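Take a look at the structure set out below.
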Protein chains: 2
Amino acid sequence: MAIYQKAKGTQDFYDIDAKKMDEVCAKAAKVASTYGCKYLKTPIFEHAEVFEKNVGEESDIVSKEMYTFKDKGDRLMTLRPEGTAAVARFFIENKLYANPGLTKLYYYGPMFRYERQQAGRYREFNQFGIEFYGQSSYLLDVDIIKCAYDIVRAFNIKNVVLKINSIGDFNSRANYSKALKEYFSKYIDSMCEDCKRRLNANPMRILDCKVDANNPAIKNAPNIKDYLTEESITYFNNVLKSLDNLNIPYVVDDNLVRGLDYYTDTVFEFIIQSDDALNGLALVAGGKYANMINSMCGVDVPGIGFALGVERLKAIADQVGYKWDFINDLKPVVIMALDDESKQESMKLASILRANDIQIEIDYSSISMKSQFKLAERVNAKYIIIIGEEERNTKIYTVKNTENRTQEKVKLEDLVKYIRG
Amino acid sequence: MAIYQKAKGTQDFYDIDAKKMDEVCAKAAKVASTYGCKYLKTPIFEHAEVFEKNVGEESDIVSKEMYTFKDKGDRLMTLRPEGTAAVARFFIENKLYANPGLTKLYYYGPMFRYERQQAGRYREFNQFGIEFYGQSSYLLDVDIIKCAYDIVRAFNIKNVVLKINSIGDFNSRANYSKALKEYFSKYIDSMCEDCKRRLNANPMRILDCKVDANNPAIKNAPNIKDYLTEESITYFNNVLKSLDNLNIPYVVDDNLVRGLDYYTDTVFEFIIQSDDALNGLALVAGGKYANMINSMCGVDVPGIGFALGVERLKAIADQVGYKWDFINDLKPVVIMALDDESKQESMKLASILRANDIQIEIDYSSISMKSQFKLAERVNAKYIIIIGEEERNTKIYTVKNTENRTQEKVKLEDLVKYIRG
């Protein structure tokens, strides 16, 4: 390991890459705001229990992928592997369940999972997410799916498929879990050690096993759709009808289950369709969780939410030729000084222009023309302002336009307008 | 410890608090862009050595305050305690020193120090920072101070004092270090164990000791100003003259030294003056580091930078009555449905209005008038749009203005304009 390298699985974002990351989050936040969501920033780390209890101790995230460490006060802390449990912790800690109506939140930032390295996966990655707490209604499910759809469309992305499924309410899942246990007990000898443990602890987790993914026992396992209660079936049909009403295309996928324990009823993903390594990956993943808050604090508050992969959205936006907002930024201006006194003057002029949001570049080390022209070339300056003794006295500056190779005399008071065009 | 609490020393930022945090960073970034700085996002954690070697092994940060842990690959990782060393790591890893001219970067985000809890200090806190690498010039020092000054002023903050000092170049510091060692060797028996170790390792660190802060031996210690080389004195005088030229007020403070090892020559702080717990704390702290990159990779690249406390800037901006940009956001609109079919219609209308950046609230669970009016009250809606059978057929909606208690019939095609006012 060379010391001066970023840690494996982490990323630096520089210049336009960093701006794209921020624009993804800012634009998603703007859409979320039209749904009445409030912004929440939770800390980077939480007490480990926050995630252990809610993401599910048998899930791969908790059992294998969390960055958990003891702090100097000997408390177990975890770098957040996802956003939902941390948002739920905030909701409970601040007793927001005492407020009437819905609590609607959006969040974004880095998440951390110690995953095997592969294309499109990082150990530190960024998510944008939305959580609605406090009501249960198929219209709400539809609106949150619509919100994800609006965000994706805001970046002109059309090469995604909305996959949707119902994994049933508490009763549906209890029946299903029982059926799975019975079924898998016949095949469990051919399965991995983790699955053997899961058989009693949480047989639904067996379906997500990466080791046994190709075991025919998993492929032929009972499907949740045959265990849904009447209530769950009606609920799901209403969701689908409302999606039709809003002209949001979707595919019902019987095999869609979410890898976390807290989901119930509606689950959905926006799957990427492209001819590169991103193909088939989820851009957005979400669903309803009727019992999560209840299992955390005993207060019966249904929730629903989704998370969106910021790196993935950025990559696909680039693929589809999305025009990033920040590319409209002005080009830089170089102020060139012909002598030392003019260099001091150039610092003052820079102040005035920067106060008008104009990017100013100065050669701090040299008054040589050659060096200063090189700077202008290097930063791709659109204008060069030249200051010598005459300009200092008259406050009329020579402004060179490097694009059309003209130059003009411009008065100090007209300079901002001239440059902003 | 209750499980569902944030970890000690960490913070949640909710709604306007979170938006203020983002606005501080966005506005600071905008100012930095006028200085030609590029945006850099580095990871939350780095190899521990990145900070150990550069912040200084004898500093309190490294010796006592870092969140360092072993990852699952048995590598020592540290949650970044500050930004400079991580930015330097990026600069070196990507060989940016091979580019001619200056590399100018800004960054922002959470930093982590396991500090004793006290007012205005958190274990996870946010910094905005700027780094210039590649040239050494007093004009550059002045421009970076000006940049900090512009950021502070962008929030209408005037109750800060710029304190500035020179802690000398490499030779000045070698002389000073020798003098300190000689001086402290007479008093070292009265000092703490850490200071005893520092006497040989790095006697300048003794001056920052929190345990011995009131020991008269520290108060009467030799001052760096008497050990500056001619070169450092001239350099510092040029910095001060240029600040005068730009009408930036400052106070030279002989006792200002920075708590990190890598600084040389110019150091500065913007100190808060207020009648609360923030009084006397640094809002901005920075300085020059001639040798840091060299000590990391053997390439001779001078650097200079500063970091700004985002929480502190936010608090002071509020104190001085700064008008946050985001308060100009539109107020929400509630769409009220009189029957189930109209509820479906309200979802469609919501789509249209949200696409025009208007915040729409819907009562997902009820078509009762009472419940829907309550929602309008709860979210402080400015407008209420009512949809029943007639409105569905005519596409002419009744719009109530809750502020002046009037109502009007508005056609679908005029609705956006009507609401945006």
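Each chain gets a letter, A, B and so on, in the order the sequences are listed, and its residues count up from 1. Treat the numbers as computed from the prediction; the structure is a model and nothing was measured.
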Inset, instruction - Would you mind checking which part of K343(A) comes under 4.5 Å of any heavy atom in chain B, side chain (CB onward), backbone (N, CA, C, O), both or neither? - result: side chain
Inset, instruction - Could you tell me whether K6(B) and E124(B) have a side-chain N and a carboxylate O separated by less than 4.0 Å? - result: no
Inset, instruction - Tell me, out of I92(B), N245(B), T42(B), who's got the most heavy-atom pairs with chain A below 4.5 Å. - result: N245(B)
Inset, instruction - Select, from D17(A), L79(A), V31(A), the one with the greatest count of heavy-atom pairs under 4.5 Å involving chain B. - result: L79(A)
Just list the side-chain donor-acceptor pairs under 3.5 Å for residues 136-144 of chain A, sequence neighbours left out, or say none.
unit_1  : atom_1 : unit_2  : atom_2 : d
S136(A) : OG     : K288(A) : NZ     : 2.5
S137(A) : OG     : L139(A) : N      : 3.0
S137(A) : OG     : Y364(B) : O      : 3.0
D141(A) : OD1    : Y235(A) : OH     : 2.9
D141(A) : OD2    : Y235(A) : OH     : 2.8
D141(A) : OD2    : T266(A) : OG1    : 2.7
D143(A) : OD1    : R354(B) : NH1    : 3.2
D143(A) : OD2    : R354(B) : NH1    : 3.1
D143(A) : OD2    : R354(B) : NH2    : 3.3
D143(A) : OD2    : Y364(B) : OH     : 2.6

Legend entry - Geometric class of the Y67(A)/F69(B) ring pair [parallel <30°, tilted 30-60°, perpendicular >60°]: perpendicular
Legend entry - From CD (E49(A)) to CZ (R75(A)), nearest 0.5 Å: 11.5 Å
Legend entry - Selection from Q135(A), K72(A), E345(A) maximising heavy-atom pairs under 4.5 Å formed with chain B: K72(A)
Legend entry - Contacting region of F326(B) [heavy-atom separation from chain A under 4.5 Å]: neither
Legend entry - Residues forming a ring-ring contact (aromatic ring centres under 6.0 Å, His included) with Y107(A), sequence neighbours excluded: none
Legend entry - salt_bridge(D22(B), K41(A)) N-O dist < 4.0 Å: yes
Legend entry - Residue, of T10(A), T34(A), I362(A), that accumulates the most heavy atom pairs under 4.5 Å with chain B: T34(A)
Legend entry - Side-chain donor-acceptor pair present, N94(B), Y14(A), cut-off under 3.5 Å: no
Inset, instruction - With a 4.5 Å cut-off on heavy-atom pairs, point out which of K241(A), E93(A), K38(A) contacts chain B the most. - result: E93(A)
Legend entry - Which portion of K19(A) sits near chain B, non-hydrogen atoms under 4.5 angstrom: both
Inset, instruction - Decide if atom CD of E341(A) counts as having more than 12 heavy atoms of other residues, nucleotides or ligands within a radius under 6.0 Å. - result: no
Legend entry - Among E65(A), M77(A), M347(A), residue most engaged with chain B (heavy-atom pairs, under 4.5 Å): M347(A)
Legend entry - Between L105(B), V50(B), D71(B), the one whose heavy-atom pairs under 4.5 Å with chain A are most numerous: D71(B)
Inset, instruction - For chain A, find which of L246(B), I44(B), N356(B) contributes the most heavy-atom pairs closer than 4.5 angstrom. - result: I44(B)
Inset, instruction - Go through K146(A), Q344(A), E46(A), R153(A) and name the one with the most non-hydrogen pairs under 4.5 angstrom from chain B. - result: Q344(A)
Legend entry - When K348(B), K64(B), K53(B), M21(B) are compared by non-hydrogen pairs under 4.5 Å with chain A, the top option: K348(B)
Inset, instruction - Under 4.5 Å heavy-atom distance to chain A, tell me which part of P110(B) shows up: side chain, backbone, both or neither. - result: side chain
Legend entry - Part of I358(B) lying under 4.5 Å from any heavy atom of chain A: backbone
Legend entry - Heavy-atom contact with chain A under 4.5 Å, split by part of F91(B): neither
Inset, instruction - Using non-hydrogen atoms and a 4.5 Å limit, figure out which bit of F132(A) sits close to chain B: side chain, backbone, both or neither. - result: side chain
Legend entry - Structural part of K104(B) lying under 4.5 Å from a heavy atom of chain A: side chain
Legend entry - NZ/K27(A): more than 12 non-hydrogen atoms of other groups inside 6.0 Å: yes
Legend entry - Distance-minimising heavy-atom pair for A376(A) and V334(A): CA-CG2, 3.7 Å
Legend entry - Portion of Y114(A) that has a non-hydrogen atom of chain B nearer than 4.5 angstrom: side chain
Legend entry - Most contacts with chain A, counted as non-hydrogen pairs under 4.5 angstrom, among K30(B), M296(B), Q11(B), K70(B): M296(B)
Legend entry - Ring-face cation of R89(A) near Y4(B) (centre distance under 6.0 Å, axis angle within 45°): no
Inset, instruction - Compute the centroid of each ring, for Y39(A) and then for Y108(A), and state whether the two points are separated by less than 6.0 Å. - result: yes
